**Student:** 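Below is a structure I'd like to ask you about.
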Amino acid sequence: MIVRTTEEITGTERDVSDGTWRSKRIVLADDGAGFSFHETTIEAGSVNQFHYQHHIEAVWLVEGKGTLTNLETGEEHPLAAGSMYLLDGHERHRIDCEEQMRMLCVFNPPVTGREVHDENGAYPAPAQQA
């Protein structure tokens, strides 16, 4: 059994930020669960592009408001508390954040916590992770 709080994760190597978003990585690959689980906050007024080429991501928005754009089709989806989206096709996407967003995210395969987004907004393939 694993029990953690976001308070004990704050300020550790599990607390990752790039300036417009912050991800508290609660469950990681080395926990052996087969997925990773994160609390991610995105700043109001920011625009972020992501492309998880090697991961499936499920996101549940618990606070905030914004727009999700599928960059492959141009399709836009309004997001608010209670919205969920699943990136099961490795879609390139953009989040336009109107009000600060707090999301609970699940990644499969799990991330190690050391990944850095590349120029395309992607994490490396799991076999390439250090």
Side-chain angles (χ1 to χ4, degrees):
M1 178 183 297
I2 297 171
V3 178
R4 293 193 177 107
T5 68
T6 52
E7 182 179 338
E8 68 190 64
I9 290 168
T10 302
T12 71
E13 68 281 351
R14 289 177 177 262
D15 186 2
V16 179
S17 177
D18 87 341
T20 59
W21 58 263
R22 181 178 189 180
S23 178
K24 293 184 181 182
R25 293 155 179 200
I26 301 160
V27 176
L28 290 171
D30 64 2
D31 292 316
F35 62 89
S36 57
F37 180 67
H38 315 190
E39 177 190 61
T40 300
T41 305
I42 300 179
E43 289 186 16
S46 68
V47 177
N48 295 275
Q49 289 190 32
F50 303 106
H51 183 202
Y52 299 115
Q53 298 168 294
H54 310 289
H55 298 81
I56 304 264
E57 182 189 26
V59 177
W60 181 260
L61 182 64
V62 295
E63 293 176 4
K65 187 175 178 183
T67 303
L68 168 68
T69 303
N70 181 332
L71 295 175
E72 297 171 16
T73 66
E75 188 175 11
E76 294 185 350
H77 303 275
L79 299 175
S83 299
M84 188 286 298
Y85 61 91
L86 177 65
L87 300 164
D88 59 344
H90 308 287
E91 297 87 354
R92 289 182 315 108
H93 60 289
R94 181 178 69 232
I95 302 288
D96 293 84
C97 186
E98 184 178 330
E99 297 173 5
Q100 179 177 291
M101 300 168 82
R102 188 169 64 93
M103 311 158 144
L104 303 176
C105 310
V106 175
F107 280 85
N108 186 18
V111 300
T112 66
R114 295 180 297 275
E115 293 82 359
V116 176
H117 291 100
D118 67 15
E119 66 279 358
N120 298 312
Y123 288 148
Q128 299 170 350
Q129 295 172 357

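This structure is a prediction, so every number in the text was calculated from the model and none was measured.
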**Student:** Measure the spacing between CG of Asn70 and NE2 of His93 and express it to the nearest 0.5 Å.
**Tutor:**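 Between Asn70 CG and His93 NE2, I get 9.5 Å after rounding to 0.5 Å.
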**Student:** Between Val59 and Leu68, is any pair of side-chain heavy atoms under 4.5 Å apart?
**Tutor:**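 Val59 does not reach Leu68 side chain to side chain.
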**Student:** Sorted by first residue and then second, give each side chain to side chain donor-acceptor pair (under 3.5 Å) pair with at least one member in residues 81-90; sequence neighbours left out.
**Tutor:**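 For residues 81-90: none.
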**Student:** In the hydrophobic clustering that connects Ile, Leu, Val, Met, Phe, Trp and Tyr at side-chain heavy-atom distances below 4.5 Å, which members other than Phe35 occupy its cluster, ordered by chain and number?
**Tutor:**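 Phe35 clusters with Ile9, Ile26, Val27, Phe37, Ile56, Trp60, Val62, Met84, Leu86, Leu104, Val106.
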**Student:** Closer than 3.5 angstrom, by distance alone: can the side chain of Thr67 be matched with the main-chain N or O of Asp96 as a donor-acceptor pair?
**Tutor:**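 Such a contact is absent between Thr67 side chain and Asp96 backbone.
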**Student:** What is the distance from atom CG of Asn48 to atom OG1 of Thr20, rounded to the nearest 0.5 Å?
**Tutor:**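 It is 3.5 Å, given to the nearest 0.5 Å.
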**Student:** Salt bridge (Lys or Arg N to Asp or Glu O under 4.0 Å) with Glu98: which residues, sequence neighbours excluded?
**Tutor:**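 In terms of salt bridge (Lys or Arg N to Asp or Glu O under 4.0 Å), with neighbours along the sequence ignored, Glu98 is linked to Lys65.
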**Student:** On the 0 to 90° scale, with breaks at 30° and 60°, tag the Phe50-Trp21 ring pair as parallel, tilted or perpendicular.
**Tutor:**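 Ring orientation of Phe50 relative to Trp21: perpendicular.
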**Student:** Could you report the tightest heavy-atom contact between Gly34 and Asn108, atom names first, then the distance?
**Tutor:**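 Scanning both residues completely, I find the closest heavy atoms to be O-OD1, 3.4 Å.
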**Student:** Taking salt bridge (Lys or Arg N to Asp or Glu O under 4.0 Å) as the definition, give me every residue that meets it alongside Glu76, ordered by chain and number, with sequence neighbours left out.
**Tutor:**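 Partners of Glu76 under the salt bridge (Lys or Arg N to Asp or Glu O under 4.0 Å) test: none.
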**Student:** The criterion is salt bridge (Lys or Arg N to Asp or Glu O under 4.0 Å); which residues satisfy it with Arg102, sequence neighbours excluded?
**Tutor:**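 Scan of Arg102 (salt bridge (Lys or Arg N to Asp or Glu O under 4.0 Å), adjacent residues dropped) gives Glu39, Glu63.
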**Student:** Which residue pairs pass the salt bridge (charged side-chain N to carboxylate O under 4.0 Å, His left out) test when at least one of the two sits in residues 40-52, sequence neighbours left out?
**Tutor:**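 Every candidate salt bridge (charged side-chain N to carboxylate O under 4.0 Å, His left out) pair involving residues 40-52 fails, so no pair, neighbours aside, qualifies.
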**Student:** Without swapping roles, check the side chain of Gln100 against the backbone of Thr41 for a donor-acceptor pair under 3.5 Å.
**Tutor:**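 It does not hold such a pair.
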**Student:** Name all residues meeting the side-chain hydrogen bond (donor to acceptor under 3.5 Å, both in side chains) criterion together with Asp15; count only those two or more places apart in sequence or in a different chain, and write none if there are none.
**Tutor:**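 Asp15 satisfies side-chain hydrogen bond (donor to acceptor under 3.5 Å, both in side chains) with Arg22 once adjacent residues are dropped.
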**Student:** Nearest 0.5 Å please: distance from the OG1 atom of Thr112 over to the CD atom of Glu13.
**Tutor:**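 Between atom OG1 of Thr112 and atom CD of Glu13 there are 11.0 Å.
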**Student:** Nearest 0.5 Å, please: how far is CE in Met103 from CD in Glu57?
**Tutor:**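 So the gap between those two atoms works out to 8.0 Å.
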**Student:** Rounded to the nearest 0.5 Å, how far apart are NE2 of His77 and CD1 of Ile95?
**Tutor:**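 Spacing of NE2 (His77) from CD1 (Ile95) equals 10.0 Å.
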**Student:** Do you know which two heavy atoms are closest between His55 and Pro109, and how far apart they sit?
**Tutor:**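 Reported closest heavy-atom pair: CD2-O, 3.0 Å.
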**Student:** Any non-hydrogen side-chain atom of Arg4 less than 4.5 Å from a side-chain atom of Asp31?
**Tutor:**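 Yes - at least one pair of side-chain heavy atoms lies under 4.5 Å apart.
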**Student:** What residues, two or more places apart in sequence or in another chain, satisfy salt bridge (Lys or Arg N to Asp or Glu O under 4.0 Å) together with Asp30?
**Tutor:**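 Expected list: Arg14.
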**Student:** Pair Val16, His38 - check side chain to side chain contact (heavy atoms under 4.5 Å, CB included), show working.
**Tutor:** CA-CA 10 Å; Val16 179; His38 315 190; over 6 Å; no
**Student:** Find the distance between OG1 (Thr73) and CZ (Arg92) and round it off to the nearest 0.5 Å.
**Tutor:**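 These two atoms lie 10.0 Å from each other.
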**Student:** Using the test side chain to side chain contact (heavy atoms under 4.5 Å, CB included), find all partners of Cys97 that sit at least two apart in sequence or belong to another chain.
**Tutor:**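 Partners of Cys97 by the side chain to side chain contact (heavy atoms under 4.5 Å, CB included) criterion, ordered by chain and then number, come out as Ile42, Ser46, Met101.
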**Student:** Can you sort out the partners of Glu8 under side-chain hydrogen bond (donor to acceptor under 3.5 Å, both in side chains), two or more places apart, ordered by chain and number?
**Tutor:**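 Glu8 satisfies side-chain hydrogen bond (donor to acceptor under 3.5 Å, both in side chains) with Thr5 only.
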**Student:** Please name all residues satisfying side-chain hydrogen bond (donor to acceptor under 3.5 Å, both in side chains) with Thr10, sequence neighbours left out, ordered by chain then number.
**Tutor:**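 So Thr10 forms a side-chain hydrogen bond (donor to acceptor under 3.5 Å, both in side chains) with Lys24.
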